[in-house]
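Here the structure comes first, spelled out in structure tokens, and everything after it is commentary.
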Amino acid sequence: MEHLELFFKSIFIDNMVFAVFLGMCSYLAVSKKVATAVGLGAAVIFVLAITVPLNWLLDQYILQPGALSWLGAEYVDYDLSFLSFIMFIATIATMVQLVEIVVEKFSPSLYNSLGIFLPLIAVNCAILGGSLFMQSREIETLGLAFNYGVSSGIGWFLAILAIAAIREKIRYSNVPAPLRGLGITFIITGLMGIGFLSFGGMLTGGDEEAPKEETTAKVIKTKTEDKKELANHTKIVE
Amino acid sequence: MGLLSKKDAKLITDPLADNNPITIQVLGICSALAITAELKASLVMSIAVLFVMGVGNVVISLMRNIIPSKIRIIVQLIVVAALVIIVDQVLKAFAYELSKTLSVFVGLIITNCIIMGRFEAFALANKPWRSFLDGIGNALGYAVILIIVGFFRELLGAGTLFGIPVLGDPIEKTGVYALGYENNGFMLMPPMALIVVGLIIWVQRSRNKALIED
């Protein structure tokens with residue numbers, strides 16, 4: 001349930017592009033054609049799925065205040081969280097290079113479609129942003145961190161796919177000359193963002209269920225108490 | 001500007017309008033949009049970027065002959081990350097509230113494409129002084145857009161500037177509110193930043209026809 005909630009929340013409510021504007025540069029630059037947009041989107045999902053859990057481990061066991069306690073009692077007071085920017089970006093840059101080399105070696109066809117985007121991704125704010133949000137939202141387990149990486153990647157993928165499709169079609173419409181290209185893309189993205197705001201109410205339904213569970217629990221309790229009382233009564237009767 | 005030759009002065013003035021990093025070069029959009037709901041946050045963000053770009057451009061320019069071109073991206077990232085850590089620590093020490101509102105976006109200066117873009121396009125091929133001017137110019141161009149967007153969003157969305165009410169009191173109905181004016185809370189929502197930037201681009205391109213895309 002927790003996983004499902006985080007999954008839909010990261011795709012729709014906290015969408016990387018529409019809610020927090022991460023990765024806008026490549027989103028604007030590479031969204032002229034659907035095919036390239038799909039390539040970049042897939043690469044983003046792939047890299048986020050690797051770097052977010054990796055940085056989660058770094059954060060938990062090296063960077064957080066008190067994270068070094070596994071080294072021994074004298075390291076408990078260390079707080080290395082000021083190093084997180086440099087550690088995260090170093091992890092991302094090296095992972096991207098590593099992924100590039102591995103993909104090139106084992107799957108040339110995947111490399112042909114993803115390869116050119118991988119170097120671009122090292123400096124994509126969506127990737128670093130994914131790790132930083134993972135840190136600031138205090139995601140609890142490695143599984144959830146992986147889930148967060150994949151689902152926010154999917155959210156970004158959806159956004160770039162949608163804008164690329166719209167931009168392919170908009171070539172046939174008569175946009176005012178000064179707005180052509182960049183201007184109209186900004187405004188369309190804004191309108192799509194307003195649309196995505198409506199997903200905000202999607203997960204609030206859960207609040208109403210919680211008290212019900214409590215009442216049912218109470219009912220069960222009272223029932224068991226009744227039974228006990230009944231049992232007592234029967235004892236007395238006997 | 002007695003200190004600067006005409007060519008050097010152009011490095012500063014060009015990015016302010018005709019070669020603006022946000023509206024023309026399309027660099028550094030992410031942070032420009034996310035933190036512009038208040039004017040104060042936009043101003044602090046601009047100063048942070050100004051510092052990182054000025055110093056970073058000089059450092060990269062000084063090292064331009066010794067950086068192997070294969071690993072230059074990683075070298076650049078490390079230089080920026082170190083500078084951003086300084087900014088982040090200073091903000092946390094002296095303006096804690098503000099560093100909370102900026103949250104992860106201070107960290108995201110590292111991957112702000114303006115910085116990497118200017119390193120690649122300018123600092124790697126020019127002398128330190130000219131790189132410094134280029135950095136300052138581009139950071140100012142970025143600041144101009146941030147401040148315009150922040151100004152309109154805060155004024156129309158909350159009726160304040162730097163947190164000070166300028167349009168009167170919305171609850172007691174003084175000032176403009178007495179005439180039936182209402183704050184447009186929608187301006188504070190994230191998507192409006194995109195639309196405001198879109199409108200700025202529209203205004204700029206209709207004034208300068210040379211910038212229109214086909």
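The chains referred to below are lettered A, B, ... by the order of the sequence lines, with proteins before strands, and numbering in each begins at 1.
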Next item on the list: Against chain A, work out which of B/Ala82, B/Pro190, B/Ala81 has the most heavy-atom pairs shorter than 4.5 Å and name it.
Entry: B/Pro190
Margin query: With side-chain contact (heavy atoms from CB on, under 4.5 Å) as the criterion, how do B/Ile78 and A/Ile86 come out once you've worked through the C-alpha distance, each side chain's angles and the decisive distance to 0.1 Å?
Written below: CA-CA 7 Å; B/Ile78 299 297; A/Ile86 216 162; 4.3 Å; yes
Checklist line | Contacting region of A/Leu128 [heavy-atom separation from chain B under 4.5 Å] | finding: both
Item checked: Which atoms of A/Leu197 approach chain B - backbone, side chain, both or neither, heavy atom under 4.5 Å -> side chain
Next item on the list: Report, as yes or no, whether the 6.0 Å neighbourhood of atom CD on B/Gln89 holds more than 12 heavy atoms from other residues, nucleotides or ligands.
Entry: yes
Notebook entry, point to check: Quick one: CZ on A/Phe186 to CH2 on B/Trp202, what's the gap to the nearest 0.5 Å?
Noted result: 15.5 Å
Check: Say you draw a straight line from CD1 of B/Ile85 to CE of A/Met87; how long is it, rounded to the nearest 0.5 Å?
Finding: 10.5 Å
Margin query: Are B/Ile110 and A/Phe88 packed together at the side-chain level, in the sense that at least one heavy-atom pair is separated by less than 4.5 angstrom?
Written below: no
Next item on the list: Could you please spell out the steps behind the side-chain contact (heavy atoms from CB on, under 4.5 Å) verdict for A/Leu22 and B/Leu108?
Entry: CA-CA 9 Å; A/Leu22 294 181; B/Leu108 287 174; 3.2 Å; yes
Check: Checking heavy atoms, do the side chain of A/Thr189, its backbone, both or neither come under 4.5 Å from chain B?
Finding: both
Note to self: Is the shortest side-chain heavy-atom distance between B/Pro191 and A/Phe18 below 4.5 Å?
What the structure shows: no
Next item on the list: Side-chain contact test, heavy atoms from C-beta onward, threshold under 4.5 Å: evaluate it for A/Leu191 versus B/Ile195 and give yes or no.
Entry: yes
Notebook entry, point to check: Has B/Phe152 got more than 12 heavy atoms of other residues, nucleotides or ligands less than 6.0 Å from its CZ?
Noted result: no
Check: Can you tell me if CD on A/Glu168 sees more than 12 non-hydrogen neighbours from other groups inside 6.0 Å?
Finding: yes
Notebook entry, point to check: Where on A/Phe133 is there a heavy atom nearer than 4.5 Å to chain B: the side chain, the backbone, both, or neither?
Noted result: both
Check: If you take all heavy atoms of A/Ile187 and B/Gly198, which pair is closest and at what distance?
Finding: CG1-CA, 4.1 Å
Checklist line | Min side-chain heavy-atom separation A/Leu182-B/Arg205 under 4.5 Å | finding: yes
Next item on the list: Determine the option with the most heavy-atom pairs under 4.5 angstrom with chain B, choosing from A/Ala126, A/Cys125, A/Gly193, A/Pro176.
Entry: A/Cys125
Margin query: Does A/Phe146 have more than 12 heavy atoms from other residues, nucleotides or ligands lying within 6.0 Å of its CZ?
Written below: no
Next item on the list: Check whether any side-chain heavy atom of A/Ile194 sits under 4.5 Å from a side-chain heavy atom of B/Phe186, and report yes or no.
Entry: yes
Notebook entry, point to check: Given the rule in the side-chain contact (heavy atoms from CB on, under 4.5 Å) test, do B/Leu194 and A/Met24 qualify, once you have shown the distances and angles that lead to the verdict?
Noted result: CA-CA 11 Å; B/Leu194 284 159; A/Met24 287 297 287; 3.6 Å; yes
Next item on the list: Please determine which of B/Asp88, B/Val80, B/Ile109 meets the side chain to side chain contact (heavy atoms under 4.5 Å, CB included) test together with A/Phe85.
Entry: B/Asp88
